[in-house]
Amino acid sequence: MTSSPFPPRSWEGIDDVVIVGGGLAGLFCALKLAPRPVTVISGAPIGEGASSAWAQGGIAAAIGTGDTVEEHVADTIAAGAGLVDERVARSMASEAAERVHDLLRYGVAFDRDLSGALKLSREAAHSQRRIVRVRGDMAGAAIMAALVAAVRRTPTIRVMEGFVAEQLRAEGQYVTGLVARDRRGGLSDRVHIATRAVVLASGGIGHLYEVTTNPPEARGEGLAMAARAGALVADAEFVQFHPTAVDVGRDPAPLATEALRGDGATIVDARGRRFMLDRHPDGELAPRDIVARAVHEAKISGRGAFLDCRAAVGKHFPERFPTVYAACKAAGIDPVTEPIPIAPAAHYHMGGVHVDSAGRTSLDGLWACGEVACTGAHGANRLASNSLLEAVVFAARVAEDIHGLLPNHKMTRWVGSAEGEAPIAPEADGEAIGILRATMTRHVGVVRDAAGLTAALARIEHLSARPHGPEVRNALTAAKLVAAAALARRESRGGHYRSDYPAPDAQRAVRMFMTLDQADAAAEAAASPLELAS
Ligand SMILES: Cc1cc2nc3c(=O)[nH]c(=O)nc-3n(C[C@H](O)[C@H](O)[C@H](O)COP(=O)(O)OP(=O)(O)OC[C@H]3O[C@@H](n4cnc5c(N)ncnc54)[C@H](O)[C@@H]3O)c2cc1C
């Protein structure tokens, strides 16, 4: 394992490993740590409330004839718009085959061809067929079903379902435990779990936005908890908006997978006019940010945006894309005969808690993997199907690092009540979340500018001044980090588009790291009377 910029300190006699999150990253890490005892805390039952279970594409792995790790790296770098850490991308792509074999061992039945070899599909911006899938668009559900079963079979993994982590406990640079709340109980049912190692695997931030493909649990709580404890956050401004969420007023919005466009579906306005070719030579298969902006503009201009699958997929829709078909039918749309209304939706967070190549954060005793982490592998824009890959690669590395760093000998688990915690204010948190999500979509969404971002930070600051429960506090903190980073990056790059700085700036082609103190300062400045008056 490569050396870490965050040197280890020694810990003794406290507790074991606690993983926050029951998605792919959390469960894979738990399985890799076995037989070492480990506790998984998950707000929802494991496998639910997780983006992982909803993944429709699959996992990218350069394992096909004629494909190479170098080509996978080149595609990843091209998608990442100048900010991919090449070393990280290369090591991630190199470990893909091994991790896919792990998943096969855990029981995932990836699609195979007639010869029995793994069947590989192609997705946008991949130069080769390299996506392993399950039954068309069922990869996420199948992977999670297999991992949940494997976890349930593993006696050393204790699962605390229905517990929401809300705060990390730290003494200076050392994370010493966390506070979690039993969702099923009253607000006073909180426990403090002292632990030697915390692994954040709590997923993304999509639900900070009004329109998102993510489950409601994806509110950036892990990101906020880490930042509040003092961890460094990286590239927070980079949010990927999926251009083709099914726009039928459902929250979360169902996703019309990119594979539909790969199969020839076109994007048209309400008059049936195809408009993507005006924007990019690759038309519907242009990079996601370009398609998302075009769809966004078509919608706000009133021209409307639809995914027309009638000619390309037609009557094969139900068997080829069963998940999308079911979502459309439930909304009263028959995609065999009608165009699907679409909207861009917050989909994936490239930024997150800064980690090194072993998944260590800038705090001792705190690791992060999966979407909550920022490894540098995605840069400013994620290549399709690289996120499940990153989740398993880094979950395995975190487990390996913990094994190496913390000898497994003292197992005196202590779970105590969280005495002395501030009482939770009986505030209308639902209303605050509604305002926050609308603000993020309007000002920190597909198209941003200084005035909007400043207004967003001021609004977040005002909301933060009111008393809120921990979930809302964390959501506000996560939103503040994204908006402050977006304000600071005065250029357009990858998933971050500023209408006041519409071009990339070569001087700014560097990753950005931020502490919560810096984001707080930006929010305070935005909310100052001077700014509000201007
Ligand atoms: C619709 C959709 C389709 C996608 N398709 C693909 C694809 O084909 N290929 C690809 O590579 N990527 C895809 N992605 C992205 C990918 O699914 C995610 O990036 C990845 O699954 C993240 O895994 P994770 O384990 O980090 O987070 P998740 O799977 O989201 O799991 C997070 C877990 O943390 C829990 N949690 C959150 N906060 C707390 C808290 N405070 N306390 C306790 N528990 C908490 C959640 O309940 C959940 O169990 C897709 C995403 C979506 C939404």
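Worth saying up front: this structure is predicted, and the values here are computed from it rather than measured. Whatever order the structure lists ligands and atoms in, that order sets their numbers, starting from 1. Each residue takes its place number in the sequence, starting with 1.
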### Summary
re atom 35 (C) of ligand 1, the protein heavy-atom contact at minimum distance is Gly21 CA, 3.7 Å
### Query
Can you check side-chain contact (heavy atoms from CB on, under 4.5 Å) on Val198 and Thr195, steps first, answer last?
CA-CA 7 Å; Val198 175; Thr195 171; 3.4 Å; yes
### Side chain Arg397, main chain Ala358, donor-acceptor under 3.5 Å
no
#### Entry: Residue part near ligand 1, for Glu221, under 4.0 Å between non-hydrogen atoms
side chain
### Message
Whether Arg152 and Glu161 form a salt bridge (side-chain N of Lys/Arg under 4.0 Å from carboxylate O of Asp/Glu) is what I want to check.
### Response
yes
### Task
Consider ligand 1: state whether an atom of it lies below 4.0 angstrom from any non-hydrogen atom of His347.
yes
### Query
Can an N or O of Gly43 be found at a distance shorter than 3.5 Å from an N or O of ligand 1?
yes
### Message
Quick one: does any side-chain atom of Glu217 pair with a main-chain N or O of Ala50 as donor and acceptor, under 3.5 Å?
### Response
no
### Message
Under 3.5 Å between any N/O of Ser52 and any N/O of ligand 1: does that happen in this structure?
### Response
yes
## Note on the structure
heavy-atom search around atom 31 (O) of ligand 1 in the protein gives Gly23 CA, 3.4 Å
### Task
Within a distance under 4.0 Å of any heavy atom of Gly22, pick out the atoms of ligand 1 and give their elements.
33 (C), 34 (O), 48 (C), 49 (O)
### Task
Report, in ascending order of atom number, the atoms of ligand 1 lying under 4.0 Å from any heavy atom of Asn214.
53 (C)
### Query
Pick one: which of Arg261, Glu284, His347 meets side-chain contact (heavy atoms from CB on, under 4.5 Å) with Pro243?
Arg261
### Message
Any carboxylate oxygen within less than 4.0 angstrom of a Lys/Arg side-chain nitrogen, looking at Glu471 and Arg219?
### Response
yes
### Message
With salt bridge (charged side-chain N to carboxylate O under 4.0 Å, His left out) as the criterion, how do Arg133 and Asp111 come out once you've worked through the C-alpha distance, each side chain's angles and the decisive distance to 0.1 Å?
### Response
CA-CA 6 Å; Arg133 293 172 173 261; Asp111 292 344; over 6 Å; no
#### Entry: Protein contact of atom 27 (O) of ligand 1 - nearest heavy atom, named by residue and atom, plus distance
Gly203 CA, 3.3 Å
### Task
Check ligand 1 against Trp54 and write out every atom of the ligand that is under 4.0 Å from a heavy-atom position of the residue.
1 (C), 2 (C), 3 (C)
### Query
Hey, is Ala201 one of the residues with a heavy atom under 4.0 angstrom from ligand 1?
yes
### Query
In ligand 1, which numbered atoms sit nearer than 4.0 Å to a non-hydrogen atom of Asn386?
11 (O)
### Query
Is the distance between the ring centroids of Tyr348 and His378 less than 6.0 Å?
yes
### Message
Quick test: of every protein heavy atom, which one is nearest to atom 42 (N) of ligand 1, and how far off is it to 0.1 Å?
### Response
Ala165 N, 2.8 Å
### Task
Check whether any N or O atom of Gly57, backbone or side chain, sits under 3.5 Å from an N or O atom of ligand 1, and answer yes or no.
yes
### Task
Mind telling me whether Tyr106 and Phe28 have parallel, tilted or perpendicular rings, with 30° and 60° as the class edges?
perpendicular
## Note on the structure
Counting heavy atoms under 4.0 Å, the part of Val372 that contacts ligand 1 is neither
### Task
Answer yes or no: are there more than 12 heavy-atom neighbours, outside Lys299 itself, under 6.0 Å from its atom NZ?
yes
### Query
When you look for heavy atoms under 4.0 Å from ligand 1, do you find them on the side chain of Ala391, its backbone, both, or neither?
neither
### Message
Need the ligand 1 atom indices (1-based, order shown) with element for anything under 4.0 Å from a heavy-atom of Gly49.
### Response
46 (C), 47 (O), 48 (C)
### Query
Closer than 4.0 angstrom: is that true for some heavy atom of Ala139 and an atom of ligand 1?
no
### Query
Ion pair present between Glu166 and Arg473, side-chain N to carboxylate O less than 4.0 angstrom?
no
### Summary
atom 39 (C) of ligand 1 sits nearest the protein heavy atom Ser202 CB, 4.2 Å
### Query
Heavy-atom contact under 4.0 Å between Gly58 and ligand 1?
yes
#### Entry: Exercise: do Thr375 and Asp85 side chains pair donor with acceptor under 3.5 Å
no
### Query
Considering only protein heavy atoms, which is closest to atom 11 (O) of ligand 1, and at what distance to one decimal place?
Leu388 N, 2.8 Å
### Query
Any idea which atoms of ligand 1 are less than 4.0 Å away from a heavy-atom of Glu217?
37 (C), 38 (N), 46 (C), 47 (O)
### Query
Against heavy atoms of Leu255, which atoms of ligand 1 measure under 4.0 Å?
1 (C), 2 (C), 3 (C)
### Task
Could you find the nearest protein heavy atom to atom 26 (O) of ligand 1 and give me its residue, atom name and distance?
Glu371 N, 2.8 Å
### Query
Do Ser387 and ligand 1 have an N or O pair less than 3.5 Å apart?
yes
### Query
For the side chain of Thr361 and the backbone of Val355, is there at least one donor-acceptor N/O pair under 3.5 Å apart?
no
### Close approach, Thr213 and ligand 1, non-hydrogen under 4.0 angstrom
yes
### Query
Quick one: does Val164 get an N or O within less than 3.5 Å of an N or O on ligand 1?
no
### Minimum non-hydrogen distance to atom 17 (O) of ligand 1, winning option of Ala25, Ala384, Ser51
Ser51
### Task
May I ask whether Arg382 places a heavy atom under 4.0 Å from ligand 1?
yes
### Query
With a 4.0 Å heavy-atom cut-off (strictly under), which part of Arg219 contacts ligand 1: side chain, backbone, both or neither?
neither
#### Entry: Non-hydrogen atom of Phe28 closer than 4.0 Å to ligand 1
no
### Task
State the atoms of ligand 1, each with its element, that fall below the 4.0 Å cut-off from a heavy-atom position in Gly370.
26 (O)
### Query
If we ignore angles and hydrogens, is there a donor and acceptor under 3.5 Å between the side chains of Arg228 and Gln167?
no
### Donor-acceptor contact below 3.5 Å, side chain Thr212 vs main chain Tyr209
no
#### Entry: Side chain Thr477, main chain Ala224, donor-acceptor under 3.5 Å
no
### Gln56 side chain to Leu255 backbone, donor-acceptor under 3.5 Å
yes
### Query
N/O to N/O below 3.5 Å, does that happen between Ala55 and ligand 1?
no
### Message
When you measure from the side chain of Thr176 to the backbone of Arg169, do you find a donor-acceptor pair of N or O atoms at a distance under 3.5 Å?
### Response
yes
### Query
Is there a donor-acceptor pair closer than 3.5 Å between any side-chain N or O of His126 and the backbone N or O of Ala384?
yes
### Task
Decide whether the shortest distance between a heavy atom of Gly222 and an atom of ligand 1 is less than 4.0 Å.
no
### Query
Does Leu24 reach ligand 1 with a nitrogen or oxygen that is under 3.5 Å from one of the ligand's nitrogen or oxygen atoms?
yes
### Task
Could you see which bit of Tyr348 sits under 4.0 Å from ligand 1, with heavy atoms only: side chain, backbone, both or neither?
side chain
#### Entry: Residues that Asp75 engages under side chain to side chain donor-acceptor pair (under 3.5 Å), provided they are two or more places apart
Ser127, Arg130
